[in-house]
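Notes follow the structure.
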Amino acid sequence: MATAAMGTRFEVVIALGLSVGQAFGPADLRAIGELALAEIDDWHARLSRFAPDSWVSHVNRTAATEPVRCDDEVWALLSDARAVWVASDGAFDITRGQGEALALDPERRTVAFSRPGVAIDLGGIGKGHAIDCCARLLRSHGVGSAFVHGGTSSGAGIGVDADGMPWRVAVPGESQALLVTDRAFSLSDAAGQTRPHIVDRQGADVVAGRVAVVGPSARMADAWSTALVVLGRVPAAFPADYEVRMY
Amino acid sequence: MARVPQDRRTFITQTVGALAGLSLMPDLADLLPRLQQGVTVRVGLVGAGRQGRSILAELQKIPQVEVTAICDRIESRFTLAKQRAANAQTFTDHRAMLDALPAITAVIVATPTHQHRAIVEDALAAGKHVYCESPVAATVEDCQAMAAAAAAAKTVCHAGFQGRSNPTYQRAQPLVRTELRDMVSMTAQWHRKTSWRFPAGAGDTDGQANWRLDPAVTTGLAGEVGAQQFDVFHWCRGAYPVKIAGRGGVRHHKDGRTVADTIDLDLTWEDGAVLRYSATLANSYGGQCEVLNGVNGSIRLAWTHGWLFKEPDAPTQGWEVYATRQQIFDQEGIVLIANATQLAEQGNLQAGAGLPHPSLYYALMDFLKSVTESAPVACTMQEGARASIVGILANQAVVTGREQVAGFR
């Protein structure tokens with residue numbers, strides 16, 4: 001099953017007969033898959049910086065004038081983005097070089113900009129976040145074997161595949177696949193892009209480097225894979241429960 | 001200091017926007033409405049499913065709103081809902097919520113349709129302001145009883161038919177008379193490829209989770225999605241259809257269901273104009289839209305966007321010469337975006353630019369303005385009940401194959 005969101009195609013594959021606690025028929029699995037994809041559609045609607053009615057556009061219109069309240073879901077997302085910004089010395093930055101102007105108030109759970117002209121862009125972490133939410137929903141409905149990905153560059157595996165093998169992600173040109181049984185992954189590839197999509201801390205296009213990150217959260221893997229392409233090295237603050245491959 | 005346009009495109013959009021704004025657009029408050037500072041509305045949400053969570057996301061944007069309570073008979077839904085309203089107390093019975101939290105100002109009802117009546121009546125009896133999702137009820141009797149309860153209440157009772165609150169639709173509504181003139185025909189559709197089946201969560205049963213597919217309680221596609229769109233035509237035309245014919249069947253989702261996954265309807269007004277309506281769960285082409293065709297032009301509405309297409313021989317009113325235009329196939333549409341002037345000044349005016357909030361936000365904001373500022377109710381329960389009855393009759397037309405007669409005046 002698939003949906004078009006965040007400028008790419010998200011797919012969910014659920015293996016029949018490998019569910020936890022109950023036996024699902026095809027109609028049940030379709031219903032669960034649709035609900036999981038609806039989760040991705042919802043996050044697309046909330047996080048798109050291109051849609052004027054998204055939550056991100058609301059923040060970008062409002063946060064320089066007054067603090068904007070965050071619910072627990074977007075607070076966790078912004079907190080992770082801030083954590084990677086700090087740990088990567090600004091290499092991952094949802095404000096494109098204006099990270100110090102982003103004020104997160106943990107007491108009031110608000111986000112504010114300290115000056116006009118600041119905007120957030122969650123393109124480097126939103127896809128992973130949507131995949132995390134999608135995988136969480138699948139698990140909550142007892143799905144024991146599934147794979148979800150967004151545009152093949154970020155994804156998560158639940159359990160093992162229908163043959164009992166770990167979910168494997170092949171990286172083009174590389175001999176070793178990524179193993180993502182109950183893990184998430186993100187691959188950032190700046191090389192050979194006709195339209196570069198990663199910029200460094202000075203705002204220049206990054207045109208070389210390929211990094212894969214595997215770990216518990218697609219959201220964190222997403223942010224870190226981008227940061228590591230910009231940095232070109234693994235910093236000391238890289239989280240211990242994530243694996244990295246720099247190609 | 002005025003900004004210097006960066007290029008020809010920017011210059012054209014800003015200039016055109018400014019001129020169109022002078023003649024067409026109201027002030028920014030319509031697009032970015034705000035509640036007065038210093039007021040607080042304590043909300044109890046009843047129904048924490050997908051629609052309830054969407055409502056919570058919109059309420060989170062309004063600083064004057066505190067979601068004090070979330071009520072749902074399925075406790076497993078609280079985990080997700082609480083992520084959007086962390087401080088809310090949870091209840092599994094709406095009466096217990098009303099008894100325990102007298103400070104609640106407003107109750108928002110987003111449960112399955114057939115459960116609305118008791119909650120609305122109890123909330124009104126407790127002196128609460130009420131917002132009820134559309135359709136307001138699943139039977140004609142319930143609709144009439146809720147309209148009567150709302151009429152007797154001293155508090156606000158708002159039915160969630162969103163077209164009446166949507167700034168793009170508000171821009172279009174007077175143009176139906178001034179620009180289209182005599183109505184030729186109307187079409188509308190709701191096309192989405194989805195099973196309409198939901199997995200039962202912990203504590204839920206398949207029957208309860210899939211009430212939309214239960215012929216005993218559902219109003220089908222005609223009621224659950226169609227009524228919202230029919231009301232756009234009621235509002236734009238100032239009248240209700242007098243007869244409804246329909247047909248439908250299970251074209252794609254052959255999973256044992258009997259509720260049609262595809263329907264076609266003809267709703268006829270007293271002047272003979274017909275709305276042809278199509279809804280399906282088997283195809284997503286074209287999505288959701290409403291089209292009104294008059295002798296001088298057509299209006300196409302798509303919730304966050306709207307366009308006016310003028311006939312070449314239609315008289316020129318003046319403002320449209322300068323309005324923002326967008327090419328759609330071989331037709332050039334005048335973009336019905338509200339508040340082009342300010343958006344152009346902010347550099348945010350693009351051809352076809354949509355609303356800065358989802359339609360749901362404007363409906364909730366209208367309700368909150370009625371509660372806090374005594375603003376007129378954008379869609380009363382009486383209007384909501386009529387629109388819901390049209391949906392119920394349309395569903396009966398599909399189910400029975402017999403033409404239904406509506407007696408609204």
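Numbered from 1 within each chain, the chains take letters A, B, ... in sequence-line order. Keep in mind it's a predicted model, so treat the numbers as computed, not measured.
In this structure the side chain of B:Leu56 never reaches within 4.5 angstrom of the side chain of A:Asp71, judged on heavy atoms.
Around atom CZ of B:Arg251, more than 12 heavy atoms belonging to other residues, nucleotides or ligands sit under 6.0 Å away. Annotation for B:Gln208: atom CD counts as buried by contact number, over 12 foreign heavy atoms lying within 6.0 Å. Atom CG of A:Asp241 has more than 12 heavy atoms from other residues, nucleotides or ligands within 6.0 Å.
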Practice task
List the steps, then state whether side chain to side chain contact (heavy atoms under 4.5 Å, CB included) holds for B:Leu32 with A:Arg61.
Solution key: CA-CA 10 Å; B:Leu32 299 172; A:Arg61 272 193 308 270; 3.7 Å; yes
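The minimum heavy-atom distance between B:Ser195 and A:Ala31, with the atom names listed, is OG-CA, 4.5 Å. Shown here for A:Glu66 and B:Pro63, the closest heavy-atom pair between the two residues is OE1-CG, 4.3 Å. A:Ala27 and B:Arg197 get closest at one heavy-atom pair: O-CD, 4.0 Å.
Ranked by heavy-atom pairs shorter than 4.5 Å toward chain A, the options B:His253, B:Gln60, B:His357, B:Arg50 are led by B:Gln60. When each of B:Arg53, B:Glu58, B:Lys61 is scored by its heavy-atom pairs under 4.5 Å with chain A, the top score falls to B:Lys61. Highest contact tally toward chain B, considering only A:Pro67, A:Cys70, A:Ser54, is held by A:Cys70 [criterion: heavy-atom pairs under 4.5 Å]. For the set B:Asp206, B:Leu80, B:Thr194, the entry with the most heavy-atom pairs within less than 4.5 Å of chain A is B:Thr194.
Heavy atoms of B:Leu59 lying under 4.5 Å from chain A belong exclusively to its backbone. With a threshold of 4.5 angstrom between heavy atoms, A:Ala38 approaches chain B through its backbone and through its side chain. Only the side chain of A:Glu34 comes within contact range of chain B, judged by heavy atoms closer than 4.5 Å. The contact between A:Arg136 and chain B is made entirely by side chain atoms (from C-beta outward), counting heavy-atom distances below 4.5 Å. In this structure, chain B has heavy atoms under 4.5 Å from both the backbone and the side chain of A:Arg69.
Distance OG/B:Ser54 to CG/A:Asp42: 6.0 Å, rounded to 0.5 Å.
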